[in-house]
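Here's the structure we're looking at; comments come further down.
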Amino acid sequence: MKRMKRKFNIAGPCYPNMHYMIDASRRLGKEVSQLIDNGEYFLIHASRQTGKTTLIINTSIEINKQDDYYALYCSLEGIQGISDPKEGIPAIVKTIKAALVTMDLPRNNEFAKDADYSDFSNVLNMELKRYCGLLDRPLVIFFDEADCLSNGTLILFLRQLRNGYNSRGLSPFVHSVALVGLLELRDYKALVRPDSESTGVASPFNIITKSMKLRIFSRDEIEELCLQHTHDTGQVFEKDVIDQIWEKTTGQPWLVNAIAREIVENQFERDFTKKILAENVTQAIETLIKRRDTHFDALVERLKEPRVRKIIQPLILGEEVIDKGTDDYLYTRDLGLIKETDGTIEPANPIYAELIVRALNWNVQRIIENAYSDYTAPRYISDGKIDMNFLIKDFQAYWRENSEIWKKRYETDLYEYDEAAPHLVLQAFLQRVINGGGQIIREMALGSMRADLCVVYGDEKYPVELKILQSIKDHSDSLSQISKYMDKVGSDTGWLVIFDRDVNKPWDEKIYSRQEICNGKTINIFGC
């Protein structure tokens, strides 16, 4: 039989004979086996498409090869949205039964054979007791997508697990349970306590002894993954390609696989004689962002959630550091949208930074292109260079005429990001110009009080700093900040755009342009 060729996987779990993969258990340590041996109930969480399902499927397979336990992988994704436990609990029991058949565990036909689904408050507990009593080994269950269960169904599901756990000394029950999903333990608690509702004194969570996060790839693991492809096909990744993938993804597994797959499958059409270069990575990232695969769409949907917006909007603006102990911050971090590096809160990786801004200003680009024929991209390009002063002067005129319209649209139609409207609309202006070639490198960080952009077009770099005017002192601080950023990107000319949100100030005072020299560098200052 001909061996199936492996590939970079971007959909569903990875299997060693089908996909290039890094053993997910390596990214979690040996704790899982220790917790199982101790008969613990625990939680595994990580952001989407980081390898959780791969981890628990392969762990289940390995456990079943041994003689100590039976392991069951059971996904609860199909029960999402069933909030009434009268329907939800029977659905869970039937899902477990189907999973037992799929994994061919012993005596699977006897599970829930005569289940009384009308007794939904006890049926899950009772059927698991009966089944565990039939087995000659302890049972371990990995419940994937456990956090997709809704309200009443989730509460009763957890309570029945708790009841079985507490009575394990009296009658057989599941030896060890893992709840696997996006959410950390505190977010489960938030789900079962909407507003002032309580689950009561006997919390279903007091049986969870450990909550673990599956880490993303290291730089060495990215290289190891790519070398698997080289070993199979002979196709070479140039040395700086691995560094670039690491820099742009910071090791997010789906992004790593998606970039490599886009290059191998689409750019090169599986011509393995071609070397993979850094420029191929840049092209692949742009294609992925424009195509908006399911992974990206899922992240964009999260931007609509009020608790995510409370973190992302200040991040776009660079506003003051928020309380890192709030549920909103921790939730957004656990979703994989943000990270903290040396005390600085920023987007989880440069690709997500790009995606966030472009998702929020996509409609702006489209409307400008359709309604304002004067603001076409070629208007600002001459001899392969962008006339940035001309472009920002046009933006000043556009913002003066349309700022109130966009603030209202961002408040109502565009996910309520009205505070960030100035930054987003200007970045839409810039994006239109470089769509035909070039890129925008975005730097966002809470507490920086600004957003830094570097427009790269051809061989030229155009550093731009966006600032919301807070006080007169802002001016000198801003000059120093943009000067440092210009040093960082290696440019002697930069642009500082200052937005004044004082509704009582006339536009003739807000709109201005001038040039200043700071530390030997030319800074073009524009008021909006």
Side-chain angles (χ1 to χ4, degrees), residues 81 190 194-195 289-290 292 294-320 322 326-329 331-332 335 337-338 345 347 352-375 392 394-433 435 440 442 444 446 449-451 453 466-470 497-507 510-511 527-528:
D195 301 323
I289 290 173
K290 287 180 178 178
R292 284 269 292 270
T294 303
H295 177 85
F296 287 158
D297 269 343
L299 290 179
V300 171
E301 282 299 306
R302 294 291 183 178
L303 298 178
K304 301 177 183 179
E305 297 181 22
R307 61 196 305 193
V308 173
R309 183 178 63 250
K310 289 179 183 177
I311 307 302
I312 297 300
Q313 180 158 252
L315 180 62
I316 293 171
L317 297 171
E319 290 183 346
E320 294 288 354
I322 57 170
T326 65
D327 284 343
D328 293 339
Y329 167 77
Y331 174 73
T332 305
L335 289 175
L337 283 168
I338 60 173
I345 300 167
Y352 284 1
E354 182 78 1
L355 177 70
I356 288 167
V357 171
R358 287 170 69 170
L360 293 173
N361 70 20
W362 172 252
N363 281 341
V364 185
Q365 291 183 54
R366 183 173 52 82
I367 289 171
I368 292 173
E369 289 168 356
N370 292 338
Y372 294 88
S373 57
D374 288 344
Y375 297 143
I392 297 178
D394 266 3
F395 172 78
Q396 285 178 310
Y398 180 82
W399 184 245
R400 180 172 187 165
E401 180 182 351
N402 296 282
S403 59
E404 291 305 315
I405 296 172
W406 280 115
K407 287 176 184 176
K408 289 178 181 177
R409 288 207 58 179
Y410 270 106
E411 184 176 7
T412 55
D413 301 336
L414 299 174
Y415 318 153
E416 301 180 39
Y417 282 79
D418 52 305
E419 292 294 315
H423 285 43
L424 293 169
V425 176
L426 175 54
Q427 291 187 64
F429 241 74
L430 295 173
Q431 191 68 49
R432 287 167 45 256
V433 176
N435 272 342
I440 300 177
R442 311 177 201 270
M444 297 182 284
L446 279 167
M449 305 308 295
R450 67 191 189 278
L453 317 170
L466 311 183
K467 185 93 173 178
I468 301 293
L469 182 64
Q470 305 289 347
V497 181
I498 302 175
F499 291 96
D500 191 335
R501 294 191 288 199
D502 186 347
V503 295
N504 297 315
K505 186 180 292 186
W507 276 104
K510 294 181 182 180
I511 300 293
C528 292

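Along the sequence shown, residues are numbered consecutively beginning with 1.
- Here the shortest heavy-atom pairing between M444 and L315 reads CB-O, 3.6 Å.
- If you take CD1 on I468 and CE on M449, they are separated by 9.5 Å, rounding to the nearest 0.5 Å.
- Partner E419 forms a salt bridge (Lys or Arg N to Asp or Glu O under 4.0 Å) with one of K407, K310, R501 and no other, that one being R501.
- One distance of note links CG of L337 with CD1 of I312; it measures 5.0 Å at 0.5 Å rounding.
- Summarising the geometry, atom OG1 belonging to T294 is positioned 11.0 Å from atom CG belonging to L299; distances are rounded to the nearest 0.5 Å.
- Nearest heavy-atom pair across V300 and A359 is CG2-CB, 3.7 Å.
- Taken to the nearest 0.5 Å, the CD1 atom of I440 stands 4.5 Å off from the CD atom of Q431.
- Heavy-atom minimum distance, D328 versus I311: O-CG1, 3.8 Å.
- Closest approach of I338 and Y329 over heavy atoms only: CD1-CE1, 3.5 Å.
- By the 4.0 Å N-to-carboxylate-O rule, D500 lies too far from K510 to be salt-bridged with it.
- Partners of A420 under the side chain to side chain contact (heavy atoms under 4.5 Å, CB included) rule, at least two apart in sequence or in another chain, are Q313, I316, L317, L424.
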>> Apply side-chain contact (heavy atoms from CB on, under 4.5 Å) to residues D327 and R307 and explain how you reach the verdict.
In response: CA-CA 8 Å; D327 284 343; R307 61 196 305 193; 4.0 Å; yes

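- The structure places OH of Y417 at 6.5 Å from CZ of R309, a figure rounded to the nearest 0.5 Å.
- The side-chain heavy atoms of L426 and F499, taken from C-beta on, include a pair separated by under 4.5 Å.
- In this structure, F395 has its ring center closer than 6.0 angstrom to the ring center of F429.
- To the nearest 0.5 Å, atoms NZ (K505) and CD1 (I511) are separated by 11.5 Å.
- When all heavy atoms are compared, the tightest approach of Y410 to V425 is CE1-CG2, 4.1 Å.
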> Yes or no on side-chain contact (heavy atoms from CB on, under 4.5 Å) for I405 and N402, after CA distance, side-chain angles and deciding distance?
Replying inline: CA-CA 5 Å; I405 296 172; N402 296 282; 3.8 Å; yes

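- For the residue pair Q427/R358, the side-chain donor-acceptor check at 3.5 Å is not satisfied.
- Counting only N and O atoms by type, the side chains of Y331 and R302 include a donor and acceptor under 3.5 Å apart.
- Residues W399 and C528 approach most closely at CD1-CB, 3.9 Å, considering heavy atoms.
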